[in-house]
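Remember, it's 1-based here, ligands and their atoms both numbered in the order they're listed.
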Amino acid sequence: MSQPLAGKPLRGLIIAIDGPAAAGKSTLAKRLARELNYVYVDTGAMYRALAWRVMEEGIDPGDEKELGRILQQMRIRLVEHAGQLRVLLNEVDVTEQIRAPEVSQMASKVSTLKVVRDRMVELQRAMGSQGGVVAEGRDIGTVVFPVADVKIYLDASPEERARRRFAELRSQGKQVTLEETLEEMKERDRRDQERAVAPLRKAENALVVDSSRLGAEAVVEQVMREIKNKLRAI
Ligand code: DC
């Protein structure tokens, strides 16, 4: 594992991680946050929480007015509990529910709307404004924190990403096939990359890391090297 950052007072950096579904962003972000003692902001979980509420209330995901109403009433909290990130929606724990494949698709749909993105970006900026944050999503380095100190674009082949997501879903007892998982992921990638507002895109100055053939540990080490270089330069 990487060396501790001894002797260097940590100014709270902003670390932005973007990339497509199941590229390993959460694993990387959690590890970095733990190593640096930073706050971890899973922005996808916030869009998922909204999507879950939309499904619970049976709302049309294209109805901006209704979404605006829900956004007004929503309070999302990301809290750490027993070493795990829990997602609270109006104080109800929805951590497990929001990982269902239907919620992934709905999150991808509602996140195309400007009314939704404007509110989420506002919340996310408030969470990271003090620095000392690792935020991951699709638009962190491009829109939420264009001034981030370190920007990572984490990628992997669609087949490898689908295999990972499939294994994760099966371990949770979900009855899905690898083919379905791959198709759903490609559909979501396409929507996330082609939407008009804040599409998934590599930030100009982002370091691209391809995790297709790298283990989680190797990815963490590569990114920690980048962070240490940044800290040394401050
Ligand atoms: O990272 P994730 O798979 O949990 O994200 C779920 C969906 O939320 C994703 O398909 C698109 C949307 N999303 C987004 O538009 N912008 C972000 N910063 C994070 C997620």
Side-chain angles (χ1 to χ4, degrees), residues 14-30 40-55 61-62 67 70-71 74 76 78 84-87 89 94-128 133-146 148 151-156 158 160-162 164-169 172 174 176 181-203 206 211:
I14 296 179
I15 299 166
I17 304 172
D18 290 301
K25 300 187 298 294
S26 307
T27 306
L28 171 63
K30 273 184 222 162
Y40 164 44
V41 179
D42 177 354
T43 64
M46 300 171 71
Y47 288 96
R48 284 171 180 274
L50 170 66
W52 183 78
R53 183 72 185 268
V54 163
M55 290 167 81
L67 283 168
I70 294 193
L71 284 164
M74 264 176 77
I76 303 171
L78 305 177
Q84 255 202 333
L85 186 84
R86 310 296 304 180
V87 183
L89 176 58
V94 293
T95 312
E96 269 84 43
Q97 292 92 314
I98 63 169
R99 297 292 153 192
E102 314 82 81
V103 181
S104 306
Q105 289 298 340
M106 185 59 90
S108 171
K109 283 181 194 157
V110 294
S111 67
T112 60
L113 298 176
K114 188 172 179 318
V115 63
V116 170
R117 303 208 72 85
D118 285 351
R119 177 67 182 140
M120 292 295 184
V121 169
E122 187 183 8
L123 294 171
Q124 291 154 12
R125 285 192 181 145
M127 289 175 180
V133 66
V134 184
E136 54 115 337
R138 305 291 187 288
D139 61 341
I140 309 301
T142 50
V143 176
V144 182
F145 296 121
K151 296 184 188 180
I152 306 295
Y153 188 88
L154 189 60
D155 208 351
E160 179 54 28
R161 291 188 288 118
R164 290 178 195 167
R165 184 48 52 90
F166 173 67
E168 191 183 315
L169 290 169
Q172 294 163 358
K174 305 237 160 67
V176 289
T181 309
L182 178 62
E183 272 321 299
E184 280 196 1
M185 223 184 54
K186 283 186 172 168
E187 189 188 332
R188 194 146 68 96
D189 283 350
R190 206 175 308 120
R191 200 184 295 112
D192 296 347
Q193 281 162 1
E194 291 177 3
R195 69 182 174 219
V197 193
L200 167 64
R201 188 161 293 161
K202 178 188 107 51
S211 74

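Among all non-hydrogen protein atoms, the one lying nearest atom 1 (O) of ligand 1 is R138 NH1, 2.8 Å. The nearest protein atom to atom 8 (O) of ligand 1, hydrogens excluded, is given as Y47 CB, 3.6 Å; this is a heavy-atom distance. When only non-hydrogen protein atoms are considered, atom 4 (O) of ligand 1 lies nearest to R48 NE, 2.6 Å.
Distances between N or O atoms of R165 and those of ligand 1 include no value under 3.5 Å. For ligand 1, the polar-atom distance check against D192 finds a nitrogen or oxygen pair separated by under 3.5 Å. Between T43 and ligand 1, an N or O atom pair is found at a separation short of 3.5 Å.
Between E187 and R190 no salt bridge is recorded (no basic side-chain N to carboxylate O distance below 4.0 Å). The existence of a salt bridge linking E160 and R164 is confirmed by a sub-4.0 Å separation between a basic side-chain nitrogen and an acidic carboxylate oxygen. A salt bridge links R161 to D189: at least one charged side-chain nitrogen sits closer than 4.0 Å to a carboxylate oxygen.
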Practice problem: Under the side chain to side chain contact (heavy atoms under 4.5 Å, CB included) rule, what do R117 and Y47 come out as? Steps first, then yes or no, please. | Solution: CA-CA 9 Å; R117 303 208 72 85; Y47 288 96; 3.2 Å; yes
Quiz prompt | Criterion side chain to side chain contact (heavy atoms under 4.5 Å, CB included) on R188 and S104, from CA distance to verdict | solution = CA-CA 8 Å; R188 194 146 68 96; S104 306; 3.7 Å; yes
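Residue contact check: R195 has heavy atoms under 4.0 Å from atoms 14 (C), 15 (O), 16 (N) of ligand 1. Interface of S108 with ligand 1, defined as ligand atoms under 4.0 Å from a residue heavy atom, comprises 10 (O). Atoms of ligand 1 found under 4.0 Å from any heavy atom of R188, numbered from 1 in the order shown, are 3 (O), 5 (O), 6 (C), 7 (C), 9 (C), 10 (O). Within the listing of ligand 1, atoms 11 (C), 12 (C), 15 (O) sit less than 4.0 angstrom from a heavy atom of S111.
The closest approach between any non-hydrogen atom of R117 and ligand 1 is below 4.0 Å.
With rounding to the nearest 0.5 angstrom, the CD1 atom of I76 is 8.5 Å from the CD atom of Q124.
S111 pairs with exactly one of R195, R191, R48, R138 by the side chain to side chain donor-acceptor pair (under 3.5 Å) rule, that one being R195. With respect to K25, the side-chain contact (heavy atoms from CB on, under 4.5 Å) criterion is satisfied by exactly one of I17, D155, V134, T43: I17.
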